[in-house]
Amino acid sequence: MARLDTDRIRKDFPILSTTIYGKPLVYLDNAATTQKPVQVLDMLEQYYREYNSNVHRGVHLLSQQATAAYEQARKKVAAFIGAAESDEVIFTKGTTDGINLVASSYGRKYLQPGDSVLISAMEHHSNIVPWQMICEERGAVLKVIPMDKNGVLKLDELPGLLDEKVKIVSLTYVSNSLGTVNPVHEVISQAHAKNIPVLLDAAQAVQHFPIDVQELDVDFLVFSGHKLYGPTGIGVLYGKSVWLNDLPPYQGGGDMIKTVTFAKTVYNVLPYKFEAGTPDISGAVGLGKAIDYITELGLDTIREQEDMLVQYALTEMAAIPGIRFIGQAEKRSSVVSFLINDIHPYDLGELLDKQGIAIRTGHHCTEPVMDYFGIPGTCRASFAFYNTTEEIDLLVAGIKRAAAILQG
Ligand code: PMP
């Protein structure tokens, strides 16, 4: 397997050579959002400078160029996730938007009073609240696959939970606060054995390892461009065409229609049926470029590099006095959640920030996970392929320094 030339790669990310309070930036908040390579930044600028125009509407050349670039980006996404057709790729604002789309559209059509939606104990709020909202509207209930103290799903409880009332399973592939990689193949196969569709929240997955939606046989999959080295404001909903053709539109407006009269509207075909209004054209084009970038590096190589980084971090951090890791799954991504004695995560995060080290603190939009562990939040360091073991050394030294100050 090719090893990454991190020194060269870091030059692609201008922000990584900036300073914070006069200290070199150590950016370890990649699970919140990743930095953008210059190739993506240039692409965004090129789009606005050279062919900014609205899509799908104009006969003029600029509009044709913008449309071609936008649709080309859709093809890149389809190839990236192994979709059978690019019409199965819907551009959204992000993961949250994609889940709201499915919850609303699927829920309105298929949820009846007394039905249930099955999620897991480690979902991000964006895979809880949209389902709660539609459940409330439809008189359905939310059920939860529990987890254990290591942050691993209790899969033995799944068969009992998958009763005939469950109309959809919506599960995160990778936990953003624990790092757990869930056994999604197993969940999908058990759900499908009972004809229950599955949505995967891949917000913390697509940037770390290769994903093939046909091999997974997943019904819906969502992710955000900004966690995949692309711009904010753009995301993807993949859906099997049988589902997307079957479901009602989410929002009404321009582009999602074939014909409109005051008496009746005929909806457009896929993918436009789910893309009402002017889309985030530059975002899609930028995301296409980000996909080119990481495809060139190779997701297997990225996974290997990030595995090395997280193993190094876990080993080095384990020697910090008073450290407690939250989430100890064997199959994990490059996220490390931790606490040091009874130091509040926010205090530690603030002192690390003063040393130029960016981590995340708090509940990470997974309050039920924090409640389960009986903690207010965690400190979370999350690594990308451009991070280095030297940066992890700085993190470890920074934590020790901060802890010494905070514990007197
Ligand atoms: N799900 C998971 C697992 C996430 O990590 C995040 C982002 N932290 C989201 C959903 C929401 O993503 P976005 O805010 O980009 O919609």
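First listed ligand is number 1; within each ligand, the first listed atom is number 1. Quick note: numbers below take in every heavy atom, side chains included, and nothing from hydrogens, waters or symmetry partners.
Note: Tyr173 and Phe223 fail the aromatic proximity criterion, with ring centroids not under 6.0 Å apart. Taking the six-membered ring for Trp and the full ring otherwise, Phe383 and Tyr312 have centroids separated by 6.0 Å or more. Between Tyr70 and Phe91, the distance from one ring center to the other falls under 6.0 angstrom.
Contacts between Asp201 and ligand 1 below 4.0 angstrom, taking non-hydrogen atoms only, involve the side chain exclusively. Contacts with ligand 1 closer than 4.0 Å are made by heavy atoms of both the backbone and the side chain of Thr96. Proximity of His364 to ligand 1, defined as any heavy-atom pair under 4.0 Å, is not found for any part of the residue. Neither the backbone nor the side chain of Lys93 has a heavy atom within less than 4.0 Å of ligand 1.
Closest heavy-atom contact between Leu41 and Pro14: CD1-CG, 4.1 Å.
For Lys227, the closest heavy-atom approach to ligand 1 falls below 4.0 Å. Using a 4.0 Å cutoff on heavy atoms, Cys365 does not count as a contact of ligand 1.
Remark: among candidates Thr95, Thr172, Val222, Thr232, the nearest residue to atom 12 (O) of ligand 1 is Thr95, based on non-hydrogen atoms. When His124, Arg360, Met122 are ranked by how near their heavy atoms come to atom 6 (C) of ligand 1, first place goes to His124.
Among Ile99, Asn176, Leu171, the single residue meeting the side-chain contact (heavy atoms from CB on, under 4.5 Å) criterion with Glu123 is Leu171.
Counting protein heavy atoms only, atom 5 (O) of ligand 1 is closest to Gln204 NE2, 2.6 Å.
In this structure, Lys289 forms no cation-pi arrangement with Tyr229, as its terminal cationic atom is not both closer than 6.0 Å to the ring centre and no more than 45° off the ring axis.
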